[in-house]
Structures are given as C-alpha cells and as structure tokens.
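Below: one structure, written as structure tokens.
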Amino acid sequence: MLELEKNEYAQLMKDADLFFKKLFPICRSITGNGVRKTLSILQEIVGFDIKEIPSGTECYDWIIPDEWNIKDAYIKDPSGNRVVDFQRNNLHVVNYSSPLDKILSFKELQKHLYTLPDMPEAIPYRTSYYNKDWGFCLSQKQLDSMNKEIKYHVKIESTLKPGNLTYGESYIKGTSGKEYLISSYCCHPSLANDNLSGITLWAFLLKKLSKIKTFHSYRFILVPETIGAIAYLKSNEPLMKTVNGGFVITSVAGPGEFGYKSSFIKNHLIDRVVRKTFQELDEYYIEYPFHVTGSDETSYSSPFFRIPVGTICKDKYFEYPYYHTSLDNLEFISAKNLIKTLRIYLHAIEMLERNITFASMMPYCEAMLGKRGLYPKVGGHYKQNKPCEDAGINGHGYEIKPGVLIPEKEIDAMLWLMFYIDGKTSLFDISQKIDIPMKQLYEISQKLVQAGLIKPIT
Ligand code: ZN
C-alpha cells in the first residue's frame, strides 16, 4: 500500500538531491520571503495550500511578530574586505536582526558576535525573534583572525515591518473518523538535517499519501516552529482538539542512528506502532523519552490539546555535534538517509492505516472455516510436519482455491483473529498479542471479511 517500489526509490533519491540543493541556500525565518519561497518550491513536489496570518494577531500567550526580511549583511574592515559576509552563509547573521549601518570599534562589535570556541571551524545558528537586537555569528577561527585594533563598518540590510506569518497546509480525508497530524517546521535557514531534511520528507510523505485512498484523515502542516504551531492551534482550535495523534518530522537524513522520541503518553498507539515498525523492518534505533523541550509536540500535547505526538529521526536534534551549526550542511545529510527514514514513516503510517477494529459475525464458538473454503478439506495433518498428499501440496500449504495456498501459519492467524475479534480489540492490538506482521494479518482479515465472518466497524 505504502511500500516504495524499486523505481520509486531511484526517483526519490534524485528528487531529494535536487530539492536539497534548491532549498538549502534560502534564508528562512519564522516569517518572510524565505518561507514563502521555500513553500512554493516544495509545491513543485506536491500541491498544498499556503496561508498567512497577519503580524499583530494574538495567539494565546503570543503575538505574531513583524515580518522579517533580509537582503544583505556584512562586517567590513577599513580596506573594504567583508570579514563576515551574509552572502557566503546566511547563518552569519543572528536571525531576525534589526537593520543597522554603523562604524564600530572591535570592542563595541564584540558584544554582538557569537562563536563556538569548542568547534573553531563552525558558525553557530542564533536567533533573536522577540527581543529586538542584532548580531553576527562566525567561526572562532574567523574571530581569532580579526584585527582587534581597527574599526569596522557593520551593516545589516534587513526590514522588520507588519506583514504575515506564512505556513503550508493540506488535508487528506479518510473514512475512519480518526485524524492524524503530520507537522514539520520551515523556519530554519541553511541547516540541513534540522530541518531541510524534515520539510523535504514532509512533502514526500504528503505526495505518497495523496495518491492513495486513506482510511484515516491526515492533517499535514508546515509551520514556523513554536509561533507557527501556536498560531495554527489558535486558528483551528476545535479541529485540533479532536486529533488522535501525530508526528513532528525533523532531523531525518543524518548518517547516525535512527531515533524515536516518544509521545508524552509513552505507550500510545503512535508509540507502539513506531516500535513495531522498527521491529518488523529489523532496524536498530535509540528511544528518547518524551521531554518538554524539543519541537512543536510541546504545544500540540499541551493540557488543552493533549495530542500524542512522536518523532522519528535519523540523527536526532540535540544529539549530533553539528546541531545548529554550519557543519549541519549538505555534506552531513544524504538523500539515501532521507529515504531510509521515509520508509520508516511509511511503514508506521501503513500500520495505522491497517489498524481496523472488526466485529465478529460468529462470536459464539469456533467458526467452521472448512465450509467457507478456508481450511483443508481433509483434517488431521494440521501441525504435522510432513507432506500432505490429500491437498496435493506440501505439508505447510493448504488449498483453498486452485492456485492459492495458505500456509499453516495463516490458519493459525485466522483462528487467532476469530478468537480476538470482538468489536473492541483492534487489528494492531491483535498483532501485538500474536507475533505476525501487520501486513499479513491485514491480508488475512480481508479474507475473513470476504467470507462474511467479520466486518469492519471503525
Ligand atoms: Zn532547530
């Protein structure tokens, strides 16, 4: 249903590389043209709506700030050399810096410079969204090489004016009455794993789910982190109150281990589905318990909304040394790693899609599978590890219709399904009681539906 075909892999790899290159250089922030440009490029992958909320709009405890845009910024020495240049790397400017044009001594300038002494090659990522300020980020190496005795021309060509907060949204309507949230954030500038990778995977996932008729509904949103999620919750309060669970997609294409940050419930369906996904796909991962610091799950899971939200990562934010530095760049991530994480997300969502609850049409006693063509015609050889002459096939297969074989394990699964299906226990819950992959269990359930033994209720 949501598995990736071989030819799809190749295309996705190509697309991921292409969009990484297109999107990485853009200077994004929580508002402004960088976000608009990013969303419009992502629309080349898949269609979704772009919406705006004006500056000054109150959203619970927050207010949408003025819109920030930037053209250029630099620190020039007296000979006119750009010692620090926004054009070379947009991380050089503290995101949301106020406009400035001044001649400053190194001492005056120094108060506004940020470095990482322990990573002398890396430029840190810093922001000042709600405190009007300005600053430059540079590598410790750059700072060390600056002449401390001279004056510098410091210019930031930015604007901070009433405008809008921009976000993306798409809704896929299913039939189950259950809804899941798929959220990611589009406010980080040139940082690859956090979160160019996340927004790319978000678009790939939306494209894939848009192509099938889904059982559940999916609310895809791409918002600036924190303020965007809060503004979205405020604008969609009654709808968001009923969401059953979700994911925040971030940091998904690093070279390190898979990670899973669980929901605040710890053992919600979302958490159990992700754990079973890693088990079924035989992939190692590190589980990180829920913590209030992180991303937008903090708002989605806040007391009023309480949406259980998990995050599947590959090199989780906070955990890799390049996090929020210029070394989190296109050399750090890869299309291959992004597709590996996409596969995990698709498998987990497919499990949610197959998580149907059935009512039993034969709850009184063991159903007679034989008269429905679901059991071998000649009995007695079940669990006997030897060829079954009567069925004309080997000892592990049974003929139901010519050419269709049901291994012994499937008979077991049918019997277990008929035993557990009671109108309350979902298919996923049953898959956790008996060790059979969800996909196989779902296929068998469909045979029981066809035979009129069970019927889907949710
Ligand atoms: Zn971040």
Exercise. Is a salt bridge present between K316 and E257, judged by a nitrogen-to-oxygen distance below 4.0 Å?
Worked result: no

For this session: In plain terms, say whether E67 and K161 are close enough for a salt bridge, that is, a side-chain N and a carboxylate O under 4.0 Å apart.
Result: no

Problem set entry | Ring centers of H112, F136 separated by less than 6.0 Å | no

For this session: Using distance alone, with no hydrogens and no angle criterion, decide if H324 and D194 have a side-chain donor and acceptor under 3.5 Å apart.
Result: yes

Exercise. Are a donor atom and an acceptor atom from the side chains of E237 and Y60 found within less than 3.5 Å of each other?
Worked result: yes

Problem set entry | Exercise: do E52 and T166 side chains pair donor with acceptor under 3.5 Å | yes

Exercise. Can the ring centres of H216 and Y180 be said to be less than 6.0 Å apart?
Worked result: yes

For this session: Could you check M351 against V274 for side-chain contact (heavy atoms from CB on, under 4.5 Å), going step by step and ending with a plain yes or no?
Result: CA-CA 9 Å; M351 238 183 242; V274 173; over 6 Å; no

Exercise. Within a strict 4.5 Å, meaning less than it, do heavy atoms of the P189 and L91 side chains meet?
Worked result: yes

Exercise. Would R343 and E3 satisfy salt bridge (Lys or Arg N to Asp or Glu O under 4.0 Å), going step by step from the backbone distance to the final call?
Worked result: CA-CA 7 Å; R343 181 170 164 253; E3 275 159 27; over 6 Å; no

Exercise. Has the side chain of D133 got a donor or acceptor atom that lies under 3.5 Å from a matching backbone atom of V94?
Worked result: no

Exercise. Salt bridge check: are E179 and R219 linked by an N-O gap of less than 4.0 Å?
Worked result: yes

Exercise. Does the side chain of S105 come under 3.5 Å of the side chain of E108 through a donor N or O and an acceptor N or O?
Worked result: yes

For this session: Applying side chain to side chain donor-acceptor pair (under 3.5 Å), run through N267 and D271 and close with a yes or a no.
Result: CA-CA 6 Å; N267 214 19; D271 303 311; over 6 Å; no

Problem set entry | W416 atom CH2: more than 12 heavy-atom contacts under 6.0 Å | no

For this session: In sequence, state the C-alpha distance, the side-chain angles, and the governing distance for E169 and Y232, and then conclude on side chain to side chain donor-acceptor pair (under 3.5 Å).
Result: CA-CA 10 Å; E169 183 182 28; Y232 189 87; 2.4 Å; yes

Exercise. Do Y125 and S326 have side-chain atoms, one donor and one acceptor, less than 3.5 Å apart?
Worked result: no

Exercise. Would you say the side-chain atoms of S426 and N355 include a donor-acceptor pair closer than 3.5 Å?
Worked result: yes

For this session: Establish, yes or no, whether a centroid distance under 6.0 Å links the rings of F318 and Y323.
Result: yes

Exercise. Looking at CG of L209 and OG of S217, how far apart are the two atoms once the value is rounded to the nearest 0.5 Å?
Worked result: 11.5 Å

Exercise. Given K261 and E287, is the side-chain contact (heavy atoms from CB on, under 4.5 Å) satisfied, shown in steps?
Worked result: CA-CA 6 Å; K261 180 186 174 186; E287 178 145 346; over 6 Å; no

For this session: For residues I436 and S431, determine if any side-chain heavy atom of one lies less than 4.5 Å from a side-chain heavy atom of the other.
Result: no

Exercise. Taking atom types as modelled, is there a side-chain donor on R306 or S301 under 3.5 Å from an acceptor on the other?
Worked result: no

For this session: Salt-bridge test for K439 and E280: reply yes if a basic N is under 4.0 Å from a carboxylate O, no otherwise.
Result: no

Exercise. Going by atom types only, do Y185 and S295 share a side-chain donor-acceptor pair under 3.5 Å?
Worked result: no

For this session: Look at the rings of Y320 and F332 and say which category their plane angle falls in: under 30° parallel, 30 to 60° tilted, over 60° perpendicular.
Result: parallel

Problem set entry | Between CG on residue D429 and CG on residue L269, distance to nearest 0.5 Å | 7.5 Å

Exercise. If you draw a 6.0 Å radius around NZ in K148, do more than 12 non-hydrogen atoms from other residues or ligands fall strictly inside?
Worked result: yes

Problem set entry | Ring-face cation of K241 near F304 (centre distance under 6.0 Å, axis angle within 45°) | yes

For this session: Supply the atom-to-atom distance I199 CD1 to T250 OG1, rounded to the nearest 0.5 angstrom.
Result: 10.5 Å

Exercise. Are side-chain heavy atoms of Q142 and V84 found at a separation under 4.5 Å?
Worked result: yes

For this session: Taking atom types as modelled, find out whether E353 and Y218 have a side-chain donor-acceptor pair closer than 3.5 angstrom.
Result: yes

Exercise. Is the closest basic N to carboxylate O distance between E410 and K447 below 4.0 Å?
Worked result: yes

For this session: Begin from the C-alpha positions of D85 and R82 and carry the test salt bridge (Lys or Arg N to Asp or Glu O under 4.0 Å) through to its verdict.
Result: CA-CA 6 Å; D85 185 0; R82 288 186 176 213; 2.8 Å; yes

Problem set entry | Worked verdict on L338 versus F20 for side-chain contact (heavy atoms from CB on, under 4.5 Å) | CA-CA 11 Å; L338 182 111; F20 283 171; 4.0 Å; yes

Problem set entry | Geometric cation-pi criterion K433 and Y420, 6.0 Å radius, 45° cone | yes

Exercise. Looking just at side-chain N and O atoms, do D101 and H153 make a donor-acceptor pair shorter than 3.5 Å?
Worked result: yes

Exercise. Just checking, is any N or O donor in the side chain of N337 or S334 under 3.5 Å from an acceptor N or O on the other one?
Worked result: yes

For this session: Apply side chain to side chain donor-acceptor pair (under 3.5 Å) to the pair Q11 and D15, showing each step before the final yes or no.
Result: CA-CA 6 Å; Q11 189 59 47; D15 287 350; 3.1 Å; yes

Exercise. For the ring pair (Phe, Tyr, Trp, His ring centres under 6.0 Å) test, which of Y288, Y345, F278 pairs with F258?
Worked result: F278

Exercise. What about Y130 and W62, are their ring centers closer than 6.0 Å?
Worked result: yes

Problem set entry | Over 12 non-hydrogen atoms of neighbours within 6.0 angstrom of NZ in K37 | no

Exercise. Are S29 and N95 close enough, and set up right, to give a side chain to side chain donor-acceptor pair (under 3.5 Å), and what steps lead you there?
Worked result: CA-CA 7 Å; S29 184; N95 204 287; 2.4 Å; yes

